[in-house]
Structures are given as structure tokens and as C-alpha cells.
> 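Dumping the structure here so I can ask a few things about it.
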Amino acid sequence: MARYNPKEAEPRQRARWAEAGVFRTRTPEEAGGKPKYYVLEMFPYPSGRIHVGHARNYVMGDVVARYKRAQGFNVLHPLGWDAFGLPAENAAIERGVHPAKWTYENIDTMREQLKLLGLSIDWEREFATCDPEYYGKQQAWFLELYRRGLVYQREAVVNWDPVDNTVLANEQVVDGLGWRSGAVVEKRKLTQWFLRITAYADRLLEGLQTLDRWPDKVRLMQENWIGKSQGARLEFKFADGPLAAHDQGVEVYTTRPDTLYGASFIAISPDHPLAEQVARASAEAAAFIEECRRGGTSEAEIEAGEKLGFFTGLEVLHPFDGRRLPVWIANFVLMEYGTGAIFGCPAHDQRDIEFARKYGLPVTPVVLPPGEDPATFDVADEAYVGPGTIFHSDFLDGLGVEDAKAAAIARLEAEGRGKGTTVYRLRDWGVSRQRYWGCPIPIVHCARCGPVGVPEDQLPVKLPEDVDFSRPGNPLLHHPTWRHVNCPGCGGPGERETDTLDTFVDSFWYFARFADPTAEEPISRAAADYWLAVDQYIGGVEHAVLHLLYARFVTRALKDAGKLSVEEPFAGLFTQGMVVHETFRRPDGRWLEPGEVEARGGQWVESATGQAVELGGVEKMSKSKKNVVAPESVIESHGVDSARLFVLSDSPPERDVQWTSAGLEGAWRFVHRVWSEFEGQPEGAFEHDASDEAALALRRATHKTIKAVTDGLDSFRFNTSIARLYEFMNALKAAPAQGASSAVLAARVEALEALAKLVAPFTPHLAEEAWTRLGREGMLAELPWPAYDRTLAADDEKVLPVQINGKRRAEIRAPAGAGAQAVESIALADEGVTRHLEGLTVRKVIVVPDRIVNIVAG
RNA sequence: GCGGACGUGGCGGAACUGGUAGACGCAGCGGACUUAAAAUCCGCUUCCCGAAAGGGAGUGUGGGUUCGAGUCCCACCGUCCGCACCA
């Protein structure tokens with residue numbers, strides 16, 4: 001018997017699909033009345049080559065796309081390239097290759113690799129974000145948001161990466177280190193461009209409620225990220241001095257206005273304007289602020305969490321009782337949140353009590369926990385943050401915490417000293433980057449007109465190609481001519497903005513561009529109205545906040561600008577797990593590739609030397625640990641269908657899967673078993689016969705499998721769908737074949753047709769080969785999904801376990817749907833049951849129809 | 001510290017809304033085929049006692065609810081993820 005030969009079959013099937021153009025997206029007109037379905041995987045960064053870890057993401061999308069197409073949807077399944085970014089520039093610096101050349105060559109390589117996976121992608125819609133055609137459209141909508149006040153410029157303290165020579169967003173700083181370079185991040189003040197996402201904080205929060213096909217985890221992460229909190233702003237006036245004479249004060253934000261009478265100090269951020277003012281007069285204060293800025297973000301320091309303060313010598317007055325409170329500069333107060341100033345209530349805030357104990361400030365409890373005696377209750381080193389009754393607080397005495405908050409706010413508002421407000425943790429995103437390989441910000445700076453947007457007819461603002469990477473810093477700034485242009489406003493001398501957009505911006509809208517990647521406007525309204533929202537978006541959970549939140553923001557902003565109709569870009573989201581793999585390390589610390597080691601006598605050794613190697617742990621595939629597996633090598637040995645099947649079968653899709661050659665072998669065995677099952681099919685017409693038991697059993701297995709696989713695909717449980725297919729194969733092999741009755745042969749043909757169609761989303765090449773082998777015309781890629789017969793998918797007889805006092809003692813057979821009475825009599829008559837009931841009295845019989853019988857006896 | 005998820009055989013993992021725990025795969029063991037090996041095919045495989053029939057235990061630990069708990073409730077232990085001095 002011939003072996004299945006994927007090396008020969010797989011390219012043949014891909015050629016058939018390409019020739020027939022089955023994966024070209026159909027226009028709404030061509031699609032007739034078919035409903036649309038948009039499947040999208042987060043697009044790749046063209047870093048060089050793909051490995052099987054990348055492949056899992058695209059294979060999952062492909063399974064969905066093929067399944068939905070078979071179900072009669074008009075499917076859009078495109079792919080593009082997130083092509084701007086630092087690695088291209090680093091390659092330019094290190095190897096002297098132009099970023100564009102490096103990027104497009106990588107794209108060519110990776111496109112060919114991806115095509116080997118047999119993905120049902122419409123390659124006609126492919127684009128790269130570094131195509132001027134794409135980023136020019138991005139500049140157009142960027143200017144639209146600028147006109148609408150959602151893009152603005154301001155001076156800001158930024159995170160400066162001294163190795164990559166660029167600004168990083170807070171989100172790109174991990175434990176005080178640059179997320180790419182790993183360098184210690186410094187603070188610098190620069191004029192930056194920002195996206196005003198904070199204007200949409202509330203709408204983004206509310207919108208989460210509508211995303212019922214998103215993982216709860218991701219919605220929760222976004223909710224926390226937006227960080228809405230209710231509280232009050234209020235002002236503490238200076239007690240004396242020149243500031244008091246000008247009726248000045250310190251504005252603070254609090255979520256606990258109920259504890260105002262417990263206030264014992266005011267703390268301001270080292271970055272607060274008042275702190276800077278104090279520092280101008282006091283070298284000591286200046287030194288303290290300097291110390292705060294230097295320290296800060298490293299994990300160890302925050303863990304230690306030492307509270308540091310500096311008394312400014314200033315005092316303010318309590319708004320209600322007029323007490324004098326000292327103003328301190330404190331290292332734990334953040335300028336970016338609230339007003340950059342707080343009032344300290346040590347008894348009811350843990351940070352405040354640590355601060356108060358350290359500097360000897362008073363501690364006055366004002367919230368009495370339930371059951372405590374007001375005369376004796378006190379706080380030691382642990383603040384009380386629970387519920388209780390307000391005391392020591394004049395007009396608030398006796399109120400609960402929530403009522404006291406409302407009463408305090410009401411009085412502040414009545415006296416014009418403050419007001420209730422909502423504060424968000426979410427901050428605007430700084431999008432300026434001092435790099436070459438990114439989308440130029442389409443602004444010209446003019447001494448007379450200020451920043452002016454480049455007129456639409458002059459877009460795109462293209463990157464110059466002749467750039468010099470031999471100097472550190474931004475090549476656009478060093479370019480001899482590029483930035484010198486006339487002001488579009490007054491015609492006078494102007495200068496281009498030399499910052500480029502953070503590459504995250506490129507991915508904020510690409511899904512909308514796919515609706516019509518050649519449209520004149522950035523987003524074709526008609527095409528987007530048809531295709532958006534994305535029905536199923538698939539990608540890694542690492543994008544749970546940044547990319548997914550900003551894409552939601554930009555979608556809303558563009559909707560408000562009349563460019564789109566949808567509010568939410570991604571109706572369904574699935575966050576898939578990675579492919580992890582064992583790592584191997586020599587005693588000298590050098591990592592070894594999987595191909596360089598082998599198991600000998602239960603011990604891993606380096607093949608070349610026979611030297612023992614250590615296992616370095618199962619980790620995400622990465623070049624640095626050399627545990628990547630190239631798709632080509634797998635395709636060469638087992639074919640791509642085996643690889644697709646394995647990465648989907650061995651773990652649930654949302655969890656990581658460990659790549660093992662044994663697992664791949666298992667998948668390959670299945671591929672081969674399926675193929676050989678289609679060998680030598682009997683010719684002729686056969687008829688179903690319900691009285692033929694063997695035939696009926698096979699038909700039941702077929703229809704049950706169709707149902708189970710369909711349900712699994714609908715709920716993203718690919719691993720269980722595949723398990724059911726394995727089971728079905730076992731049943732099929734066990735069923736009679738040679739010399740069987742006409743009814744069995746009819747059931748067999750039905751089973752094989754279903755099998756070919758059911759495996760098609762997972763192992764599409766194999767499925768087409770099988771279909772042809774069965775003597776069928778056409779391609780499965782164009783054929784409908786199989787339907788199941790409800791009656792055949794359900795059993796007509798059930799096997800029910802019988803428990804006696806909760807222990808399983810026997811099994812009985814009963815017709816499906818039999819009533820409790822009938823089942824009870826069958827059970828009580830069963831010999832296996834009566835044997836265990838000897839000497840006992842039946843007290844109670846519980847029958848769950850079609851499920852279980854439990855007899856309580858004693 | 002705050003928020004969340006999860007603990008099931010040697011391993012990856014199944015188990016619908018509380019109803020036969022361990023589907024399916026991997027590894028392992030036994031057998032067939034073969035001069036032999038690979039490949040393939042068939043069988044066994046949670047643990048303990050037993051030749052078997054059968055019995056007992058069992059889903060991180062301890063309690064609880066229930067005729068019945070992997071699933072629900074309480075407490076604890078452990079692992080992973082997110083945020084992190086957010087007032």
C-alpha cells in the first residue's frame with residue numbers, strides 16, 4: 001500500500017486553490033445574499049523568518065475562515081505586514097542595509113513561508129504599513145483627528161531610552177527598562193505629539209459592556225487600565241505668606257472626602273509646579289526633588305516602598321475646621337494622576353500612615369469600625385480602610401462612609417471650595433518617536449503660523465530614501481534637505497516635523513483598510529460598512545490593552561468624524577496561546593538547537609560530541625534560546641497538515657502548546673490513517689437500510705461526529721473537535737468494510753464524505769486528496785459544510801449507571817427519553833442492582849432521565 | 001499590596017446547565033507482521049488488593065450544601081497572568 005505523500009500532494013492542492021481563485025474575496029454583489037464574515041489574525045512584524053510558533057496563530061484563523069466559508073458566509077480573510085519598527089533600523093545601523101530593503105526582503109521570505117501553510121488568505125489585499133500608499137492615508141486621518149482636537153502637542157516628561165535614542169510610552173517601559181533595548185530609562189522633557197484618548201475614557205469603558213464575544217479577562221484588563229474613580233477636587237488655601245495674599249492654594253484630589261477631618265498633612269508630587277517653585281528658593285528642596293527623580297521606577301525600590309518627604313515650610317488651612325496643615329513634597333505622589341497633590345489622612349490610608357509615622361505627623365481616626373468603642377479605638381501601623389461610622393468629624397459624625405462622602409462633597413460645592421469629579425487612570429498616548437523607520441508626522445512648523453498640517457493633496461509625506469545611519473539619533477533631523485520646506489499656511493520658511501509616529505499607530509486602523517486597500521480615501525466608507533466590524537479577531541493576549549484599546553479609540557474617533565459607521569472594531573476576540581518548546585543548554589551555557597541534540601539512554605546529549613546537555617525549561621520559541629522549529633523542516637518530514645493538526649490538537653487554543661516531535665508523529669499517523677481509509681472504495685450505488693444494525697451504528701457515529709465537530713468549531717474548542725475526529729476514525733476502522741452489505745457500504749460512503757469535509761478546516765490538503773480519492777468532483781474549499789440528522793445524532797437507547805447510596809453498582813439499558821417510573825422499574829428489576837440491595841430497604845429512588853439512577857437504601 | 005485565572009493519571013488534556021472522572025493523544029507494556037529493524041495493525045494502561053470475578057481509594061488540603069460535587073459555598077496551600085506608591 002502506498003504511503004500518503006504530502007510533499008507531492010500539498011503543493012498540488014495549493015495550486016488548485018490558487019488557480020480557481022477560491023480565496024479571492026467576493027464583492028457583496030458577487031456574494032449574492034450570503035452574510036459576510038471577517039476573520040483576521042493580528043498581522044505579523046516582518047522580522048525575518050517565521051517559525052511554527054507564529055504559524056499557530058494563522059492556522060487558527062484559517063480554520064475559522066475555512067469553516068465559515070463552508071457554512072455559506074462571504075468571507076474576508078486578508079493578511080498584511082506591520083512593517084515599520086526598530087529592528088529594521090537596527091539592521092541598517094549594524095549591517096548597512098537600508099531599512100526598506102531589509103523589510104521588503106523579509107516580507108518576501110515570510111510570505112512564501114506562510115503560503116506553505118496552505119492558508120485561505122486573499123493575497124490580493126496584502127499591504128505593508130511601510131508602503132507610502134498606506135502611511136499616506138494614515139497621515140490623512142491623523143490630520144483629521146488633529147483638526148478635531150484629538151491630536152495635540154505638549155511638553156512632557158518622557159521616558160528616554162538612551163540606547164535606542166527614542167521616547168518610550170509608559171507601556172513600553174518594563175520595570176524601569178526599555179522594552180526592546182533593556183536599557184535603564186531616563187526622564188527627559190520634550191515637546192511631544194499626543195492622541196487624546198482620555199476624551200473617550202468613559203465611552204471606551206461603557207463599550208466594554210457590549211463586547212460579549214471578548215474574553216472576560218481582556219475586558220477586565222481594559223477596565224482596570226482605564227481606571228475610573230469617583231472623588232472630589234478641593235483646594236486648601238495657604239495660611240500665610242505671599243501666596244496667601246494672592247488667595248492661592250493647593251488643589252488636591254481624593255476618593256475619600258469622608259475622611260477630611262482626619263487630614264494631618266498635604267503632600268505634593270516632586271514634579272508639582274509648587275515643588276519646583278520651592279526648589280528655586282531652597283537648594284535642599286532641589287536636591288530632594290533630584291533624588292526622587294533619580295530613583296523611582298525599579299521594581300526593588302517600589303517593593304521596598306520607602307516613603308520619603310521634604311517639608312516645604314508652607315502651611316495651608318483645612319477647608320472645614322481651619323486647622324493649619326503642613327505641606328510636604330513626597331516621593332510617592334504622582335504628578336500624572338489627579339492633581340499631583342493629596343491630603344494625607346494617616347488613619348485610613350496605608351501610605352499616609354507610613355509617611356506620618358516616619359515624620360511624626362498626627363494620626364486621627366475618623367472612621368469607626370463596626371463594634372469598636374469610639375473612646376478606645378486607635379490605629380497603630382495598619383491603616384483602617386474598611387467600612388464604619390464617621391466620628392471626630394463635626395457635621396459628618398454618625399454617617400456611614402458613602403453618605404459622608406456625599407455630604408462632604410455637597411458642603412465643598414456649596415462653599416465653592418471643591419467639587420465632585422471623576423478621575424481616570426488612563427493617560428493620553430505620546431506618539432512621537434525620534435526614529436527614521438516610521439510614518440512621518442505630516443506637520444510643518446512655521447515661525448509665524450505655528451504647527452500647520454500638510455494639505456491633503458501633498459500627502460503622503462514620504463520618508464527620504466537617502467539617509468545616513470552612521471550618526472546616532474534621528475536621521476530625519478540630520479538629513480540635509482528633507483525637513484526644509486515652505487509653510488503651507490503662509491508660504492514662508494518652514495520646517496517639517498522630524499518625529500515619526502510610534503509604530504503602534506500603524507495597527508490602529510489596518511483592519512479597516514483591508515475592507516478596500518486601494519481606496520482613494522483612507523477608509524472606503526461603503527466597503528467598511530459592509531465588512532466591519534471584524535467578526536473574529538485572533539491574536540496574543542499581550543495586546544489585550546495597548547493595541548486593542550487604541551484601535552477601539554481610533555474607531556470611535558473616526559466614527560465621530562463621519563469616516564466609519566461602527567463603534568467597536570472587533571466584535572469577536574480570541575486570544576490564543578503560544579507554541580513553547582524545550583530548550584537545551586551545554587554545560588558552557590551555550591544554547592543548542594533541537595536538531596543538535598538527541599536522547600540516548602534516557603539522557604539528552606549533543607549529537608556531535610556525545611556530551612550531556614541540560615534541559616533549560618520549556619519556553620516560548622525564540623531565536624536567542626535556539627528553540628525555534630522552522631516550518632520548512634516539518635513540512636519536509638511530515639507535511640504541513642500534520643503540523644497544523646498537531647498545534648491545534650494537543651492543547652486548548654487559548655493555552656500554550658508544547659511542541660514535541662512525538663506529538664507531531666501522532667498527528668502524522670492520523671493523517672496517514674485518514675488517507676488510507678479512502679483507498680479502494682467500492683463502486684456502485686448503495687442504499688441506506690435502517691434495519692441493518694452495523695450500518696445504523698456507523699451512521700450514528702457519523703452524525704454524532706458532525707455535530708460534535710461543528711459545536712467545537714463554533715466554540716473555539718479545536719482540540720476537542722479533533723479528538724472527536726480521532727474517535728470517529730477508530731470507529732470507522734472497526735466497522736466492517738470488505739464484503740459488507742449494501743447498507744453498510746452506503747453508511748461507509750456517507751462516513752467518508754463527512755470525514756473529508758470535517759477534517760478540511762484542519763488538514764485542508766489531505767481533505768482535498770481524500771475527496772478526489774473518493775471519486776468526487778470539485779474542491780472541498782468550495783463545498784458546503786455537512787449537516788447532521790438530529791435523530792441519528794442522538795441515541796435511541798441509553799446506558800444509565802445505577803448508584804446505590806452514591807456508589808456506582810450497576811448499569812442498565814433504557815430507551816432514550818424513558819420516564820422516571822419506567823427507568824425505576826428497570827433498575828429495581830436488574831440483577832446487578834438487586835444483588836446489592838439484599839437486606840436493605842429502598843428509601844428513595846432518584847431518576848434523572850437519560851442520565852443516572854440513584855437508589856437510597858438502608 | 002490590588003485585581004483575575006487555574007490546581008484532574010507518568011505527560012498534554014476530556015468531562016454539557018451538579019449526574020458513569022480520566023474521552024482523545026503522547027509515553028509505556030504486550031502481541032501480530034518481518035530473517036531483523038523501522039513503519040503499520042491489534043490489545044492493555046488512574047492507584048492499591050486480587051490469578052480472575054470483584055472490592056477499596058481517588059480530581060491541591062480541610063470543612064460544608066446535596067440523593068449525588070472535578071463542577072456550588074467557606075477557609076487554607078500552591079502555580080500562573082495583569083496592574084502596581086493611582087490618593
Side-chain angles (χ1 to χ4, degrees), chain A residues 1 3 171 175 215-218 220-225 227-229 231-232 252-256 259 267 269 296-297 299 301-308 330-334 336-345 348-352 354-355 423-427 541-542 544-545 645-646 649-652 654-658 660-670 672-673 676 708 711 715 717 719-730 733-734 799-811 843-857:
Chain A
M1 182 173 69
R3 303 272 296 160
E171 294 77 9
D175 297 336
D216 291 341
K217 177 194 166 94
V218 174
L220 186 68
M221 281 166 75
Q222 292 208 354
E223 192 182 317
N224 292 341
W225 194 265
K228 184 175 184 170
S229 86
V252 305
Y253 172 73
T254 180
T255 55
R256 295 295 303 272
T259 64
S269 165
T297 47
E299 201 172 4
E301 280 168 289
I302 289 175
E303 207 63 52
E306 200 192 352
K307 306 288 178 281
L308 297 174
N331 67 339
F332 63 91
V333 181
L334 305 172
E336 304 86 48
Y337 185 77
T339 61
I342 61 161
F343 77 79
C345 175
H348 305 293
D349 183 286
Q350 190 55 35
R351 287 161 314 193
D352 294 349
E354 286 170 29
F355 192 79
V423 166
Y424 298 92
R425 206 195 75 119
L426 182 69
R427 287 170 217 156
V541 73
E542 66 273 21
V545 178
L645 191 67
F646 171 59
S649 67
D650 215 41
S651 285
E654 67 277 12
R655 236 181 276 179
D656 291 349
V657 63
Q658 186 181 349
T660 61
S661 50
L664 179 67
E665 292 283 345
W668 159 246
R669 267 196 286 278
F670 178 75
H672 183 248
R673 275 157 60 107
S676 54
D711 290 349
S715 55
R717 296 196 319 251
N719 55 325
T720 53
S721 283
I722 292 168
R724 297 309 292 267
L725 285 166
Y726 275 90
E727 242 178 297
F728 185 44
M729 262 307 295
N730 292 339
K733 285 194 94 72
V799 175
L800 308 188
V802 181
Q803 295 183 336
I804 294 167
N805 293 332
K807 289 202 185 293
R808 180 173 168 276
R809 294 297 185 189
E811 269 180 5
R843 299 241 164 87
K844 193 174 174 188
V845 180
I846 294 130
V847 176
V848 183
D850 293 347
R851 276 288 153 86
I852 199 166
V853 180
N854 193 4
I855 300 170
V856 185

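Letters A, B, ... mirror the listed sequences (proteins, then strands); counts begin at 1. Values reported hereafter were calculated over all heavy atoms of this structure, with side chains retained and with hydrogens, waters and symmetry mates removed.
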> Could you give the distance separating B/A37 and B/C29 at their P atoms, to the nearest angstrom?
14 Å

> For A/Glu811, answer base if it contacts any base atom (sugar-phosphate contacts may also be present), sugar-phosphate if it contacts only those atoms, and nothing otherwise; contact means non-hydrogen atoms under 4.0 Å.
base

> Nearest-Å distance, CG (A/Asp216) to P (B/G4)?
12 Å

> How far does the P atom of B/A21 sit from the matching atom of B/C77, given to the nearest Å?
31 Å

> Go through B/G19, B/G55, B/G3 for me and flag the one nearest to the A/Ile846 side chain.
B/G19

> Please determine whether a side-chain nitrogen or oxygen atom of A/Arg673 lies at a distance below 4.0 Å from atom OP1 or OP2 of B/A39.
no

> Compare the minimum distances between each of B/G3, B/A27, B/A23 and the side chain of A/Asn224, then state the nucleotide with the smallest one.
B/G3

> Using a heavy-atom cut-off of under 4.0 Å over every strand shown, decide if A/Leu220 touches base, sugar-phosphate, or nothing.
sugar-phosphate

> Excluding sequence neighbours, so at least two apart, what forms ring-ring contact (aromatic ring centres under 6.0 Å, His included) with A/Tyr253?
none

> Considering only B/A87, B/G82, B/G55, which nucleotide approaches the side chain of A/Asp349 most closely?
B/A87

> Given the C1' atoms of B/G60 and B/A69, what is the spacing between them in whole Å?
16 Å

> B/C26, B/C42, B/C83: which one has an atom nearest the side-chain heavy atoms of A/Arg669?
B/C26

> With sequence neighbours excluded, what pairs up with A/Asp216 under the salt bridge (charged side-chain N to carboxylate O under 4.0 Å, His left out) test?
A/Arg219

> B/A32 and B/C26: how far apart are their C1' atoms, nearest whole angstrom?
23 Å

> Which nucleotide in the list B/C86, B/G25, B/A23 gets nearest to the side chain of A/Arg351?
B/C86

> Would one find a side-chain N or O of A/Tyr726 under 4.0 angstrom from OP1 or OP2 of B/G25?
no

> Work out how far the C1' atom of B/U66 is from that of B/G55, and round it to whole angstrom.
26 Å

> Whole angstroms only, please: what is the CD-C1' distance between A/Glu665 and B/G25?
13 Å

> Can you find a side-chain donor-acceptor pair between A/Arg843 and A/Asn805 that sits under 3.5 Å?
no

> Please determine whether any donor N or O and acceptor N or O are separated by less than 3.5 Å between the side chain of A/Lys733 and the base of B/C41.
no

> Counting heavy atoms from C-beta on, name the nucleotide in B/A87, B/C24, B/G19 closest to the side chain of A/Ala723.
B/C24

> Closest nucleotide of RNA chain B for A/Val545 versus for A/Asn805: which of these residues is on the 5' side?
A/Asn805

> Using a 4.5 Å cut-off on heavy atoms from C-beta on, say whether the side chain of A/Ile852 contacts that of A/Pro801.
yes

> Is the glycosidic angle of B/G28 within 90° of 0, making it syn, or outside that range, making it anti?
anti

> When the C1' atoms of B/C44 and B/U35 are compared, how many Å lie between them, rounded to an integer?
29 Å

> The side chain of A/Asn730 is closest to which nucleotide in this list: B/C85, B/U20, B/C24?
B/C24

> Side chain of A/Thr255, backbone of A/Gly231: donor and acceptor closer than 3.5 Å?
no

> What does B/C33 pair with, Watson-Crick or G-U, if both distances are under 3.5 Å?
none

> Please list, chain by chain and in numerical order, all residues satisfying ring-ring contact (aromatic ring centres under 6.0 Å, His included) with A/Phe355, sequence neighbours excluded.
A/Phe265, A/Trp328, A/Phe332, A/Tyr359

> So, does A/Asn331 use its side chain to make a donor-acceptor pair with the main chain of A/Leu308 at under 3.5 Å?
yes

> Mind checking if A/Gly666 touches a base, just sugar-phosphate, or nothing, with heavy atoms under 4.0 Å?
sugar-phosphate

> State which residues pass salt bridge (charged side-chain N to carboxylate O under 4.0 Å, His left out) with A/Lys228; sequence neighbours excluded, sorted by chain then number.
A/Asp202

> For a quick check of understanding: with a heavy-atom distance under 4.0 Å over all strands, which category does A/Val856 fall into, base, sugar-phosphate or nothing?
sugar-phosphate

> Please give the nucleotide sitting opposite B/A27 as a Watson-Crick or G-U wobble pair, both distances under 3.5 Å, or none.
none

> Using both distances under 3.5 Å as the test, list the Watson-Crick or G-U wobble partner of B/A5, or none.
B/U79

> Can you check the distance between B/C24 and B/U45, where both ends of the measurement are the C1' atom (answer in whole Å)?
15 Å

> Quick one: ring-ring contact (aromatic ring centres under 6.0 Å, His included) partners of A/Tyr726, sequence neighbours excluded?
A/Phe670

> To the nearest Å, give me how far apart CD (A/Glu223) and P (B/A5) are.
13 Å

> Pick the P atom in B/A75 and in B/A23, then give their distance to the nearest Å.
35 Å

> Between A/Glu354 and A/Arg351, is there a side-chain N and carboxylate O pair less than 4.0 Å apart?
no

> Take nucleotides 11-16 of chain B nucleotide by nucleotide from the 5' end and write B, S or -, depending on whether a protein heavy atom sits under 4.0 Å from the base, only from the sugar-phosphate, or from neither.
-SSS-B

> Both A/Lys217 and A/Tyr253 contact RNA chain B. Taking the nearest nucleotide for each, which residue is further toward the 5' end?
A/Lys217

> Over how many whole Å does the gap from A/Phe343 atom CZ to B/C85 atom C1' extend?
17 Å

> When we call it a touch if two heavy atoms are under 4.0 Å apart, what does A/Val333 touch: a base, just sugar-phosphate, or nothing?
base

> Is there a side-chain contact between A/Lys807 and the phosphate of B/A57, meaning an N or O under 4.0 Å from OP1 or OP2?
yes

